[in-house]
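Residue numbers start at 1 and run along the sequence shown. Atoms considered below: every heavy atom in the structure, side chains included; atoms not considered: hydrogens, waters and symmetry mates.
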Amino acid sequence: MKEKILVGWSGGKDSSLTLWQLQQQESWEIVALLSTITEGYERLSMHGVRVELIRQQAESLGLTLAESRIPPNASNVTYEAALLRTLEPFLQQGVRKMAFGDLFLADIRHYREDLLARFGMEAVFPLWQRDTAALSREFLRAGFRAVVVCVDPRQIAAEFCGREYDDRFLADLPPSADPCGERGEFHTFVYAGPIFRQLIPIRRGALVQREGFYFCDLVPG
């Protein structure tokens, strides 16, 4: 019997690799992706990607997208209440696992584990403690393609925002930056790869600065 599992979906490379790994294991039935959307902006929280593009990813993957919707500047209490509302239908279906693409930040892992435990669920981390340099190369060799959509200029230069996530990008990163951006240096949007039925067409829009971060506004192509 396959066990039902949700996948926390950021639209980026780590969640894409998580999904890819789960798909290669016969023990899992992936029932849906789950993303947190900021209402009003209609964008993925933190990454700033338009919800239309996240929905296009889900359609190309052949999976349902569950949207946990929160207001701007939501507190942890508001975020957690919204997540529980989104999870409730899946809990009624017997889903008790949710996968995340975290790599090595123990505090984030513990938060997710404790939060899901309150809902009677278990967090799963398929990529945990994988070597991030090797993982970034694996991502590219597998044929995934991604754009850097958010940059923390306190860690890497703003000019990295909007660039293709490729070998040249990795070579240009400063030695202090993790190649998978695990410390929040950057976030990505994946628009092609072995898990997708078709490429998600995108155009690079404006580069904007908001709340100390730089965002590349991807526009559906």
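For Trp20 and Gln23, the side-chain atoms include no donor-acceptor pair closer than 3.5 Å. Between Thr78 and Ser75, the side chains place a donor N or O and an acceptor N or O closer than 3.5 Å (distance only, hydrogens not considered). Between the side chains of Ser68 and Thr36, no donor-acceptor pair of N or O atoms lies under 3.5 Å.
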Take Arg204 and Leu218 through the side chain to side chain contact (heavy atoms under 4.5 Å, CB included) test and state the conclusion after the steps. CA-CA 5 Å; Arg204 289 165 174 78; Leu218 294 185; 4.1 Å; yes
Could you give me the CA-CA distance, side-chain angles and deciding distance for Asp152 and Arg183, then say whether salt bridge (Lys or Arg N to Asp or Glu O under 4.0 Å) is met? CA-CA 10 Å; Asp152 181 352; Arg183 299 185 185 89; over 6 Å; no
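Few gaps surround CG on Asp107; more than 12 heavy atoms of other groups in view lie less than 6.0 Å from it. Applying the 6.0 Å contact sphere to CD of Glu113 captures more than 12 heavy atoms from other residues, nucleotides or ligands. Crowding of Arg118 atom CZ: a count of heavy atoms from other residues, nucleotides or ligands under 6.0 Å exceeding 12. Around the CD atom of Gln24, the shell of radius 6.0 Å holds more than 12 heavy atoms that belong to other residues, nucleotides or ligands. Heavy atoms from other residues, nucleotides or ligands lying under 6.0 Å from OH of Tyr41 number 12 at most.
Residues Glu80 and Leu115 share a closest heavy-atom pair of CG-CD1, 3.6 Å. When every heavy atom of Ser45 is checked against every heavy atom of Ile70, the shortest pair comes out as OG-CD1, 3.7 Å. Taking every heavy atom of both residues into account, Thr132 and Cys180 meet most closely at O-SG, 3.4 Å.
Aromatic ring centres of Tyr165 and Phe139 lie closer together than 6.0 Å.
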